[in-house]
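Only one structure is covered here, and it is reproduced in the block below.
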Amino acid sequence: MVRVRFAPSPTGYLHIGNARTALFNYLFARKNKGVFVLRIEDTDLDRSSDEFEKGILDDLRWLGLSWDEGPDIGGPYQPYRQIERLNLYREYATRLVSEGKAYQCWCTKEEIEERTKAKGYDNYCRNLTDEQIAKFKSEGRKPVLRFKVPEKDVVVNDIIRGIVRFESGSLNDFVIMKSNGVPTFHFAVVIDDFEMKITHVIRGEDHLSNTPKHILIFESFGQIPPQFAHMSMTLGPDRTRLSKRHGATSVRQYRENGFLSDAMFNYLALLGWSSKDNQEIFPREKLIQEFSIESCNKSNAIFDPAKLLWMNSQYMKIKPSSEIAKLSIPFLEKAGYEKSSIEKNMKTIERVIDLEKEKFKTLKDVPERISPFITEDITWNSGLSQKFKSPEATRILSDILVEIKEIEPFEKTVLEDMIRKFCEEKKVKTGEVFHLLRFALTGVTKGPGLFELMEILGKEVSIKRIEKFLVNKEY
RNA sequence: GCCCCCAUCGACUAGAGGCCCAGGUCACCACUCUUUCAAGGUGGUAGCGCCGGUUCGAUUCCGGCUGGGGGCGCCA
């Protein structure tokens, strides 16, 4: 049974890079009918917060990365928060000390630096005398626990990278328990991975160099290490690690900017992985079917918001209008529309979305396009109204208004017949009349086809708007 | 400083010795469709980092160089 995990530390919102790691784990688990575990690595007491944990869980849910075991739902290996597992780590640490595989270190950072000139720890405390220890104790020092690194080569057989060899001597004795009694990442991660029966560790390449440490700890407990797969990193446009400097880097920001979960899911999957047949747009199910960790690209990938945006526009088209309408509600509210007004106009909103959705790039585009249809008192863009307020324009509009008042039923085909006939009779260019009408009716120069637009507005509103536009002297 | 990983268009990638004077997607440019804004359609610009091997033949195999990324914390 395949068991994988995603183990974020709750020190910020879900980062794009982490989301990709989570996604690959998720895809691998689902593809292999395995288990996807969510574990919270909150051993950094200073930076972790419940707030961030909630946020990360929320973002993962939004992305559709559902987990089978986790802090909120429990599971056979709970608890899934490291802070709730401290006793476990302490027991294992004690065991290592009693077996002579770990030892107390009393050095301060300054002392180590002084001795080694920033070359890292020199295993100084491996063989201290009882007197030395007594002295440190009397000084009130609190020791850390260090792992006694054995002299041997460590070989990582990585699913993505193949065999990677680390020679003996490239590692100093490293800290496994901090002086506050909390384990370091390297220690907790290993204990949890074997305790939780993790079979495959899929994570970023930044951990490749740390893997020898982890393997050594596994071995010190007589555990067989899981399979490792180190994926490429996610970089910004300048080829450095994706960070705040590059603009929006959290899943949350994209979500708030009107991106669809499907698009993010699909785009991220294509960062470092690709299908045999060049397909770009994938339903989630197909992505799960086709995904394979072996075929992941080894080189780092630059996160490209432009392609994400394109992909989002593709999903805006695919999604049923009713769904887009529902997802748009928060964006309409943010644009200033009352909840009650949105609800009342839901049918209209859906109709307009149906006509306009192939133009949308994100959900943020919806309010602007909806506006002329649910705003009672529209205003006319004064910069553009100039050319639509010429004497001829006013005359044409007055003439056509007379005819519009006669139209029955007020449907697009009837409207089109009548307006085209009007143009012919008056010998005016259809395009000009269309533009003029559109502007008088909506106040803007974009929108759905004129006749669809009028049908949705309805006869009463259409007439009222044209009359108001004609009377209005301000423009 | 030491160690590790990587290297195809601007970006994401296909390519696993001849099928490649390198294919797809985004972006960009042009044309086209069109009652607006878009979308769509068609076409185009653009790439195997460098130097040595191996081979009848290298984008593909090997070595070096260069370049990029990462690790070496009482951060994860």
In whole Å, I'd like the distance from the CG atom of A:D304 to the P atom of B:rU25. 16 Å
Starting from the 5' end of RNA chain B, give me the residue, A:K317 or A:W310, whose nearest nucleotide shows up first. A:W310
Measure from the side-chain heavy atoms of A:M233 and tell me the nearest of B:rG69, B:rA14, B:rA76. B:rG69
What's the CG-C1' distance between A:N266 and B:rU13, to the nearest Å? 14 Å
Of the listed B:rA76, B:rG69, B:rU8, the closest approach to the A:F185 side chain comes from B:rA76
Pair A:E91-A:T94, side-chain donor/acceptor within less than 3.5 Å: no
Counting only distance, no hydrogens or angles, is the base of B:rC4 paired donor-acceptor with the side chain of A:R165 under 3.5 Å? no
cation_pi(A:R146, A:F174) dist<6.0 Å, angle<=45: no
Could you tell me the Watson-Crick or G-U partner of B:rC72, where both distances fall under 3.5 Å? Say none if there is no partner. B:rG1
Testing B:rA76, B:rC37, B:rC74 for proximity to the side chain of A:V175, the answer is B:rC74
Say we look at B:rC5 and B:rG23: how far apart would their C1' atoms be, to the nearest angstrom? 28 Å
Return the pairing partner of B:rG47 with a 3.5 Å limit on both distances, Watson-Crick or G-U wobble; otherwise return none. none
A:E280 CD - B:rU13 C1' separation (whole Å): 8 Å
Presence of donor-acceptor pair under 3.5 Å, side chain of A:S179 and base of B:rC74: yes
Can you tell me whether the side chain of A:K359 and the base of B:rC37 have a donor-acceptor pair closer than 3.5 Å? yes
It should be established whether A:T184 places a side-chain nitrogen or oxygen under 4.0 Å from OP1 or OP2 of nucleotide B:rC74. no
Should the heavy atoms of other residues, nucleotides or ligands under 6.0 Å from CG of A:D50 be counted, would the total exceed 12? no
Could you work out which one of B:rC72, B:rC5, B:rC12 sits closest to the side chain of A:N210? B:rC72
Pairwise C1' distance for B:rC29 and B:rU45, with rounding to whole Å: 7 Å
Selected nucleotide, minimal atom distance to A:R241 side chain, candidates B:rA76, B:rU36, B:rG70: B:rG70
Candidate nucleotides B:rU36, B:rG70, B:rC74, ranked by approach to the side chain of A:S209 - the nearest: B:rG70
A:E358 side chain, from C-beta outward: closest of B:rU36, B:rA39, B:rG73: B:rA39
How close or far is atom C1' of B:rU13 from atom CG of A:N300, stated in whole angstroms? 14 Å
Heavy-atom count check: over 12 atoms from other residues, nucleotides or ligands less than 6.0 Å from A:K135 NZ? no
Rounded to the nearest 0.5 Å, how far apart are CG of A:D122 and CD of A:E111? 10.5 Å
Here the gap from A:R369 atom CZ to A:T442 atom OG1, rounded to the nearest 0.5 Å, amounts to 10.5 Å
State whether A:K178 places a side-chain N or O below 4.0 Å from either non-bridging phosphate oxygen (OP1 or OP2) of B:rA76. yes
Winner on side-chain proximity to A:I302, out of B:rC12, B:rA76, B:rC37, is B:rC12
Between A:R239 and B:rA11, is there a side-chain N or O to OP1/OP2 distance below 4.0 Å? yes
Are A:K213 and B:rG71 close enough that a side-chain N or O sits under 4.0 Å from OP1 or OP2? no
Do other residues, nucleotides or ligands put more than 12 heavy atoms under 6.0 Å from the CD atom of A:E139? yes
Of the listed nucleotides (B:rC6, B:rA39, B:rC4), which one gets closest to any side-chain atom of A:K361? B:rA39
Could you let me know what B:rC19 is paired to, Watson-Crick or G-U wobble, both distances under 3.5 Å, or none if it's on its own? none
5'-most contact on RNA chain B: A:P183 or A:F451, nearest heavy atom basis? A:F451
Can you tell me the distance, in whole Å, between the CG atom of A:L309 and the C1' atom of B:rC12? 15 Å
Please report the distance, rounded to the nearest Å, between CD1 in A:I159 and P in B:rC5. 17 Å
Starting at atom CG of A:D206, determine the distance to atom C1' of B:rC72, rounded to an integer number of angstrom. 13 Å
More than 12 heavy atoms of other residues, nucleotides or ligands under 6.0 Å from CG of A:L45: yes or no? yes
How many Å lie between CE on A:M311 and P on B:rA11, as a whole number? 18 Å
Look through every strand shown and name the nucleotide pairing with B:rA7 as Watson-Crick or G-U wobble, where both distances are under 3.5 Å. B:rU66
Phosphate-side-chain proximity, A:N297 and B:rA14, N/O vs OP1/OP2 below 4.0 Å: yes
Is there a side-chain contact between A:T11 and the phosphate of B:rA76, meaning an N or O under 4.0 Å from OP1 or OP2? no
